[in-house]
There are 2 protein chains.
Amino acid sequence: MDQAKGPRKGRTIGKTNNVNADLIAVVVAVNDAGPCVLTIEQGAALPSGPFELAHRSLQSGLRAWVELQTGQPLGYIEQLYTFADRDRVGANQRVISISYLALTREEDAGASGRRSWASWYDYFPWEDHRSGRPPIVLEELRPRLIEWADGADDGATRFDRRRRAAVAFALDGRAWNEELALQRYELLYEAALVEEAKRGGVSAILASVPGRSMIADHRRILATAIARLRSKIKYRPVVFELMPPLFTLLQLQRTVEALSGRLINKPNFRRLIEQQELVEKTGATTAETGGRPAQLYRFHHTILDERPVAGTKLPLPRA
Amino acid sequence: MDQAKGPRKGRTIGKTNNVNADLIAVVVAVNDAGPCVLTIEQGAALPSGPFELAHRSLQSGLRAWVELQTGQPLGYIEQLYTFADRDRVGANQRVISISYLALTREEDAGASGRRSWASWYDYFPWEDHRSGRPPIVLEELRPRLIEWADGADDGATRFDRRRRAAVAFALDGRAWNEELALQRYELLYEAALVEEAKRGGVSAILASVPGRSMIADHRRILATAIARLRSKIKYRPVVFELMPPLFTLLQLQRTVEALSGRLINKPNFRRLIEQQELVEKTGATTAETGGRPAQLYRFHHTILDERPVAGTKLPLPRA
DNA sequence: CCAGTTATAGTCGATCTGATTATAAGATAT
DNA sequence: ATATCTTATAATCAGATCGACTATAACTGG
């Protein structure tokens with residue numbers, strides 16, 4: 001499987017193998033414009049900072065860095081992944097990146113200069129299928145992916161690349177799967193169709209690449225967060241972390257749609273939400289929605305204690 | 001939410017905040033005796049070692065350590081969680097623990113002295129519900145959990161502790177949920193009913209504690225692995241990593257039952273497996289099963305490429 | 001040849017799910 | 001005032017799924 005030559009015998013002690021550990025946060029909110037991520041450096045980086053001895057835990061270190069850099073206090077936090085790939089961060093440094101997903105509401109914003117909210121889909125324009133498949137997939141990505149596939153040396157690899165591209169991007173009549181966000185990004189990286197793949201190496205004359213990029217492997221971490229969140233909303237009631245205290249069922253639906261990047265059947269969504277008893281009517285209504293005034297709901301917190309694995313099942317199409 | 005006082009302004013550079021990173025492996029296999037984990041130190045520790053500069057990646061570092069310490073080559077690997085809690089590892093050191101789950105077959109065993117396979121349920125005797133609820137839950141855990149709950153200062157905490165214990169351990173007529181393995185361990189830790197919770201602190205006169213313990217937070221990592229695996233087999237076809245190349249459907253069922261710690265309805269299991277086209281008949285049969293000879297199946301590998309998120313749905317009872 | 005064991009096929013009813021239609025209640029335009 | 005638009009909410013229907021159960025087949029060991 002793998003070489004076993006690397007390490008010396010026994011355990012090395014002391015400072016010999018010390019590394020730097022970075023904490024990186026993907027802070028997500030949803031507003032009318034869609035799903036947003038909290039960024040610094042004018043959208044080029046995620047909030048992050050080194051894990052320090054003073055930090056009580058990884059989570060508290062992360063909270064401290066995000067609050068320092070953006071003024072944003074974090075509520076719900078969940079660990080995403082720990083990366084340490086040598087080639088993916090740029091220089092020849094050895095850094096461990098421990099990434100987290102945080103869910104919040106944009107209004108919680110304190111005033112801070114360096115921060116800004118950016119739409120997910122600025123970084124991943126091929127991921128938003130709410131108005132059908134975006135043109136970029138067939139017009140830009142597909143030809144370039146085919147070109148990449150056909151550039152392989154042997155037939156088996158060509159076949160495999162074509163198949164992977166087709167599965168990830170729903171080509172050849174396949175169904176779109178919104179949870180493959182990370183695989184799509186990794187495929188584009190492998191095909192050198194994203195800017196990150198071209199750093200350091202051959203800086204050939206490059207055609208424009210789709211989607212805005214970020215420093216180091218931050219866009220990859222964002223893709224990880226999107227994939228995780230799109231998967232998780234289907235079986236855990238995490239959407240409510242993104243909602244205001246009171247909301248209508250349509251607002252809830254629009255939030256889920258913004259995250260998953262696809263539209264949901266309205267009656268089925270309502271039925272599923274209501275029968276799970278995750279929300280309760282407040283009695284109040286709002287007329288701000290345009291048509292008939294809608295009931296305002298609130299999240300039924302106590303249900304969480306009793307049903308620890310209760311899923312927010314969502315009627316997203318399967319295959 | 002959290003204090004923002006800790007870190008200094010800006011990014012600290014250089015070696016100031018270096019930490020040690022440990023790679024820890026939960027290597028799982030299933031044999032006739034049940035689900036097993038690969039251990040060293042006579043079952044007291046999981047294979048582990050520091051992440052070193054020589055390692056190409058976290059995964060290759062892990063593979064190297066496991067192979068060095070146990071002779072076991074690893075196939076399927078999946079990241080579990082990254083811990084860095086100061087209090088949970090023992091001494092006042094600062095160590096990041098990056099844990100992985102690996103699935104393998106026990107027969108792959110090379111000869112190596114320090115290793116041994118241990119049953120999950122030696123460490124978590126309350127987790128095996130294949131023959132109904134084990135007596136330890138009602139006879140030992142329940143009274144002690146109640147005692148712990150009633151020891152709280154205020155009524156609200158008492159109520160909350162009782163509720164959490166009831167949810168986790170299926171008391172008061174609640175249904176058992178095998179996926180809560182980690183929550184159960186954490187609850188016992190909080191209630192100081194496991195040996196790990198008593199280290200370093202007050203070494204009072206202690207009644208015997210249930211289940212075998214491990215060094216540092218290794219049992220906690222094992223609990224994390226069990227919970228993850230029990231959840232994952234329901235929607236991803238990972239069971240096959242634990243199976244020999246050819247197997248009968250009952251062997252497959254017994255493996256799933258061993259992992260989940262509960263029994264499955266046989267006709268329904270077969271139906272679900274077959275209709276998902278994850279396996280294919282080989283035509284061969286085996287008479288080693290006692291009764292009527294059983295068809296030997298093999299895992300249908302190609303299906304994985306085409307259906308990246310295809311779940312191995314399992315007919316485990318819901319609520 | 002009978003009892004025991006396992007394999008395999010099939011049935012039945014309840015529930016779930018996806019899609020569709022119908023009706024209600026407001027705002028806005030003419 | 002009436003028509004029309006928008007959104008909210010209720011109801012229906014057929015197909016798929018799921019859990020529990022029954023029946024039959026094929027082999028082994030006394």
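This one's a predicted model, so the numbers in the text were calculated from it and none came from an experiment.
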Engineer: Taking the inter-plane angle between the rings of Phe240(A) and Phe299(A) on a 0 to 90° scale, is it parallel (under 30°), tilted (30 to 60°) or perpendicular (over 60°)?
Structural biologist: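 Ring orientation, 0 to 90° scale: parallel.
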Engineer: Is it true that the NZ or CZ of Arg230(B) lies under 6.0 Å from the centre of Trp176(B)'s six-membered ring and within 45 degrees of the ring axis?
Structural biologist: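 Arg230(B) over Trp176(B) ring: no.
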Engineer: Can you list the residues that meet the side-chain contact (heavy atoms from CB on, under 4.5 Å) rule with Gln295(A), with sequence neighbours excluded?
Structural biologist: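 Here the qualifying residues are Lys281(A), Thr285(A), Tyr297(A).
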Engineer: Separation of Gln253(B) atom CD from dT8(C) atom C1', in whole Å?
Structural biologist: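 Atom-to-atom, Gln253(B) to dT8(C), this comes out as 13 Å.
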Engineer: Applying the side chain to side chain donor-acceptor pair (under 3.5 Å) test to Arg262(A), which of Glu178(A), Glu127(A), Glu257(A) qualifies?
Structural biologist: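 For Arg262(A), the side chain to side chain donor-acceptor pair (under 3.5 Å) test succeeds with only one of Glu178(A), Glu127(A), Glu257(A), which is Glu178(A).
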Engineer: Nearest-Å distance, CD (Gln275(A)) to P (dG18(C))?
Structural biologist: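 To the nearest whole Å, that distance equals 11 Å.
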Engineer: In this structure, how many angstroms lie between the C1' atom of dA16(D) and the CD atom of Gln276(B), rounded?
Structural biologist: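 The answer, rounded to whole Å, is 14 Å.
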Engineer: Report, as a single string ordered 5' to 3', how protein heavy atoms within less than 4.0 Å touch nucleotides 22-30 of chain D: B base, S sugar-phosphate only, - not at all.
Structural biologist: B--BBBS--
Engineer: What is the distance, rounded to the nearest whole Å, between atom CG of Leu272(B) and atom C1' of dG19(D)?
Structural biologist: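 Value for this atom pair: 11 Å.
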Engineer: Classify the nucleic acid contact of Leu250(B) as base, sugar-phosphate or nothing, counting any heavy atom under 4.0 Å across all strands shown.
Structural biologist: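 Result for Leu250(B) = sugar-phosphate.
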Engineer: Backbone N or O of Met243(B) within a donor-acceptor pair of the Arg105(B) side chain at under 3.5 Å?
Structural biologist: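 Indeed, once roles are kept as given, a pair shorter than 3.5 Å links the two residues.
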Engineer: With nearest nucleotide decided by heavy atoms, which residue, Arg271(B) or Lys266(B), maps closer to the 5′ end of DNA chain C?
Structural biologist: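 Comparing both residues, the 5'-ward one is Lys266(B).
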Engineer: Can you measure from CZ (Arg220(A)) to CG (Leu182(A)) and round to the nearest 0.5 angstrom?
Structural biologist: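 Rounded to the nearest 0.5 Å, the CZ-CG separation comes out at 7.5 Å.
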Engineer: Take atom CZ of Arg254(B) and atom P of dT5(C), then tell me their distance rounded to the nearest Å.
Structural biologist: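 Those two atoms, CZ and P, are 13 Å apart.
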Engineer: Quick one: Leu263(A) CG to dT20(C) P, roughly how many Å, whole number?
Structural biologist: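 That distance rounds to 14 Å.
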Engineer: Take the protein atom CD of Gln295(A) and the nucleotide atom C1' of dA8(D), then report the distance between them rounded to whole Å.
Structural biologist: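 Those two atoms, CD and C1', are 9 Å apart.
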Engineer: Rounded to the Å, how far apart are Asn265(A) CG and dA11(D) C1'?
Structural biologist: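 Taking atom C1' of dA11(D) as the reference, CG of Asn265(A) is at 14 Å.
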